[in-house]
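Heads up, the thing below is written out as structure tokens.
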Amino acid sequence: MTTSSRLIRTALGGVLVLSLVAGLLAGCGGSNRAASLVGLDKRIDPSVAPRPGQVASVPASVPDPAGVSGEIGLPNGSADEITFYFSLPVDDYTLVQAAKVLTTPGTGSYRHYFTSYAAAARAYGAKPGVIEAAVKSVEARGLSVMVDPSRTFVRVWGTAGGWRKVLGRPLKVQKATLASPYDVYSLPSVPKFAELTYVGGGATVYDAALDHGSGGYGASVENAAAIDRARAAAGSSTSRSAKVPWPLNAGTLPAHTCVSGTSSARSVYAPTQVASAYDARAPHETATTRAVRVAVIDLGGGYSASDIERAAGCFGYAAPRIEVQVSDGMSGQIRNNSDETELDLQTLAAFLPGGTIQLTEAANGPASLLDATSRTFGDPDGFPDAVSISYGQCAVQETQGNLRLIQAVARVVVLGDIVGSSVFAAAGDWGSTTCGNAIKGPSQSFAASAPWATAVGGTRLVLNSRNQRAGEVVWNDKAYGVIAAGGGGVSKVFARPWYQNAVTTSPTRVVPDFALLADIEPGWPVMLNGQIQSIGGTSGSTPFAAATVALLSARERLAGRPRVGFINPWFYELYKQHPELFYDVVSGSNDVNRVGCCTATKGFDEVSGLGVPNLAEIAKRLPPPSP
């Protein structure tokens, strides 16, 4: 999620981690009644912690029948084929319990992750006989099918004519436009295949000819116009009509950057300044940074390689290696240059010089998130140490609209946790009302509100001349003429996860888990079309958090130890023992729509979570794998 004083918009490009639907609550009232869903296992209770010393259950793997392994993989993206997704039956209870045990310190299986995504999929995915029956059922109808590497769902595709032959009538279609260059197809009726359940969300195909090449089409880019109207009503953020002047960078910029001595010098923080303030590693290339693999999932936004190179040259770090894979409904990379994608990539690059960024570019559609997430974890070129997700939607509307799609994405991500990845999701830029006036009262951003995500909120950081923290408060730029603030509050959808039991009595998930720099000015520096600008939003704080944990995970790998994995159980346990490792944000509110929520308080709160982590000191206290 991005917000800029020059380019006011929320262009949410995607990455995420979800809880299995067993954490869902029905309706907007926050009751404890579990949502209804075919296949939902009532034994799953997100608030129940694993027992000390508990060992993860690993189901016995059954050999694949002849020919099944050849049906498992990731098909090449194509704009000529229309792809829908169908889930396979999976033992959700065993999957979730294993993920809890593997990621919670003090268990007998802590950090004893699977060494490959394929091995984890064989253990916890659909059984080979089920897969074989599903594949044969689809192929018998004349359609193409491939089982996802997670073994939790399949891709079924064909031409428009092929689908018409199967369905007896044409697919419904919403045609692409210049404003949204994506054809969106839906099924007039759902075909029946053995062992398969349609997850919903339709199929999206990218029309490159209609992509004008500037701006982005991220998952929530439709909010851009609303943000612009709010900005106009409040007065230009750079004009005298703004309520108060924008704060300035009171720290000391490094010499010889492309912004030194320019008009932008006081509106951005250089990466070295952020590193100094947060006691993080300075952005210098090492063997560890080169070993890092970190992923970005993007829905609808492209990037400029020249901007990435210019940003690296400006601030003096080694440019990253960017490995791009495109998703279903696409024959090539996205043409437009999105501020959202650039912020994700350049923030990661600044703190992981010479590292590898796995960028998954997906067409901008609801089901595209499932496609992109599975390609990120199933990438045959490597498995990510961490994933950064700047995707966000109104949690209540999203989950109530299509629970099967949420469950399908959740299974893929939880399987990633079992292999040791860390997933970070932006808490949002709309304060405590991500859904605006669509629902009454506070509302949170999905996927940050899901219990299996590490939700990252936003702060306003103030530096002294030595680039040390002089103060840090809740990010809320309403006073400066822009309706934008860090996401936070209590979920109406997801039940409280076990790791939050000691910090809140809320029956539902509290967002965020912690917070970092996200304000607009001074904000994150982004090179966009050859010019540096200050961009704010939790899409800046989120990739920064992902970079620091990915670096720690790479260090562990190089030392012959397992990856760090999902960090929430560790961070909350550490907070109980050493609260001083988290800077307590006690000032400010993220309320932008007068709903009475939320205000920072002493200790854990609904605006900054645990506070601002001292990343360097926390890294020293990573619990070792269980014996």
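All values below come from the heavy atoms of this structure, side chains included, with hydrogens, waters and symmetry mates left out. Because the structure is predicted, anything quoted here is derived from the model rather than measured.
Partners of Ser47 under the side-chain hydrogen bond (donor to acceptor under 3.5 Å, both in side chains) rule, at least two apart in sequence or in another chain, are Asp45. Legend: residues meeting side-chain hydrogen bond (donor to acceptor under 3.5 Å, both in side chains) with Glu606, ordered by chain and number and at least two apart, are absent. Partners of Glu617 according to the salt bridge (charged side-chain N to carboxylate O under 4.0 Å, His left out) rule, which considers only residues two or more places apart in sequence or in another chain, are Lys620, Arg621. Tyr278 meets the ring-ring contact (aromatic ring centres under 6.0 Å, His included) test with Phe544; sequence neighbours excluded. In this view, Tyr575 and Phe582 satisfy the ring-ring contact (aromatic ring centres under 6.0 Å, His included) rule, not counting sequence neighbours. Looking at residues two or more places apart in sequence or on another chain, you find a side-chain hydrogen bond (donor to acceptor under 3.5 Å, both in side chains) between Ser608 and Asp605.
Across all their heavy atoms, Tyr583 and Gly471 have their closest contact at OH-CA, 4.1 Å. Scanning all heavy atoms of the two residues, the minimum distance from Val586 to Lys602 falls at CG1-CA, 3.9 Å. Minimum interatomic distance between Val511 and Ala427 (heavy atoms only, all atoms of both residues): CG1-CB, 4.0 Å. Contact between Pro525 and Val268 at its shortest, heavy atoms only, is CB-CB, 4.0 Å. When all heavy atoms of Phe571 and Pro613 are compared, the pair lying nearest together is CE2-CB, 4.2 Å. Between Pro512 and Ala455, the closest heavy-atom pair is CB-O, 3.5 Å.
A distance-only check finds no donor-acceptor pair linking the side chain of Lys100 to the backbone of Trp498 [under 3.5 Å]. Between the side chain of Thr104 and the backbone N or O of Pro569 there is no donor-acceptor pair closer than 3.5 Å. Under a 3.5 Å cut-off, the side chain of Gln533 and the backbone N or O of Leu528 do not form any donor-acceptor pair. Thr373 places no side-chain N or O within 3.5 Å of a backbone atom of Leu370 that could act as its donor or acceptor partner. In this structure a side-chain-to-backbone donor-acceptor pair under 3.5 Å is missing from Arg460 to Pro247. Checking side-chain atoms of Ser534 against main-chain N and O of Gly523 turns up a donor-acceptor pair under 3.5 Å. Side chain of Asn568 to main chain of Ala453: a donor-acceptor pair is present (N/O by atom type, distance under 3.5 Å, no hydrogens or angles). A distance-only check finds a donor-acceptor pair linking the side chain of Thr376 to the backbone of Ala372 [under 3.5 Å]. Remark: side-chain polar atoms of Ser432 are paired, donor with acceptor, to backbone N or O of Cys597 under 3.5 angstrom. When atom types are taken as modelled, the side chain of Asp183 and the backbone of Lys175 share no donor-acceptor pair closer than 3.5 angstrom.
Thr341 and Asp298 are linked by a side-chain donor-acceptor pair at a separation below 3.5 angstrom, with hydrogens and angles left out of the test. Asn249 and Tyr269 are not linked by any side-chain donor-acceptor pair at a separation below 3.5 angstrom, with hydrogens and angles left out of the test. A donor-acceptor contact closer than 3.5 angstrom links the side chains of Asp429 and Thr538. For the residue pair Thr454 / Asp513, no side-chain donor-acceptor distance below 3.5 Å is found, with atom types taken as modelled. In summary, the side chains of Glu573 and Tyr499 do not present any donor paired with an acceptor at a separation below 3.5 Å, with no hydrogens or angles considered. Judged purely by distance below 3.5 Å, without hydrogens or angles, the side chains of Gln407 and Asp92 pair a donor atom with an acceptor atom. Remark: the Trp475 side chain and the Asp477 side chain contain an N/O donor-acceptor pair separated by less than 3.5 Å. Of the N and O atoms on the side chains of Ser443 and Thr433, not one donor lies less than 3.5 Å from an acceptor on the other residue. Using modelled atom types and a 3.5 Å distance limit, the side chains of Asn476 and Asn590 yield no donor-acceptor pair. Side-chain contact of Ser390 with Asp344: a donor-acceptor pair under 3.5 Å is present, judged by distance alone. Side-chain polar atoms of Glu521 and Ser267 form no donor-acceptor pair below 3.5 angstrom.
Less than 6.0 angstrom separates the ring centroid of Phe566 from the ring centroid of Trp452.
At a threshold of 4.5 Å between non-hydrogen side-chain atoms, the residues Leu463 and Gln273 count as touching. Residues Val612 and Arg469 have side chains in contact (heavy-atom distance under 4.5 Å, counting atoms from C-beta outward). Counting heavy atoms from C-beta on, the side chains of Leu359 and Tyr303 come closer than 4.5 Å. Residues Ile334 and Asp211 have side chains in contact (heavy-atom distance under 4.5 Å, counting atoms from C-beta outward). Contact of the Leu253 side chain with the Val259 side chain is registered, since non-hydrogen atoms from C-beta on lie closer than 4.5 Å. In this structure, the side chains of Val585 and Val607 stay at 4.5 Å or more apart for every pair of heavy atoms. Within the 4.5 Å cutoff, side-chain heavy atoms of Trp570 are placed close to those of Ile618. Using a 4.5 Å heavy-atom cutoff, the side chains of Ile520 and Val482 are in contact.
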Please test Val296 against Ile357 for side-chain contact (heavy atoms from CB on, under 4.5 Å), starting from the C-alpha separation and ending with a verdict. CA-CA 7 Å; Val296 169; Ile357 300 176; 4.3 Å; yes
Would you please test Thr504 and Arg496 for side-chain contact (heavy atoms from CB on, under 4.5 Å) and show each step? CA-CA 9 Å; Thr504 180; Arg496 183 184 70 234; 3.9 Å; yes
Evaluation steps, side-chain contact (heavy atoms from CB on, under 4.5 Å), between Ser304 and Asn337: CA-CA 6 Å; Ser304 163; Asn337 186 18; 3.8 Å; yes
Using the rule given for side-chain hydrogen bond (donor to acceptor under 3.5 Å, both in side chains), can you reason through Thr508 versus Ser491, listing the C-alpha separation, both sets of side-chain angles and the distance that settles it, and then say yes or no? CA-CA 6 Å; Thr508 56; Ser491 172; 5.4 Å; no
Checking side-chain contact (heavy atoms from CB on, under 4.5 Å) for the pair Trp430/Val592: CA distance, chi angles, key distance, verdict? CA-CA 7 Å; Trp430 289 89; Val592 294; 5.5 Å; no
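Interatomic distance, CG of Leu345 versus CD of Glu340, reported as 9.5 Å (0.5 Å rounding). In this structure, CG on Asn467 lies 7.0 Å from OG1 on Thr272, to the nearest 0.5 angstrom. How far CG of Asn364 is from OG of Ser327: 11.5 Å, rounded to the nearest 0.5 Å. Atoms CG and CD, from Asp339 and Gln346 in turn, are 10.5 Å apart once rounded to the nearest 0.5 Å. Between the CG atom in Leu581 and the CG atom in Leu610 there is a gap of 11.0 Å [rounded to 0.5 Å]. One finds the CD atom of Gln444 at 8.5 Å from the SG atom of Cys435 (value rounded to the nearest 0.5 Å).
Within 6.0 Å of CD in Gln174 there are 12 or fewer heavy atoms belonging to other residues, nucleotides or ligands.
Between Lys478 and Asp591 there is no salt bridge, since no side-chain N of the basic residue sits under 4.0 Å from a carboxylate O of the acidic one.
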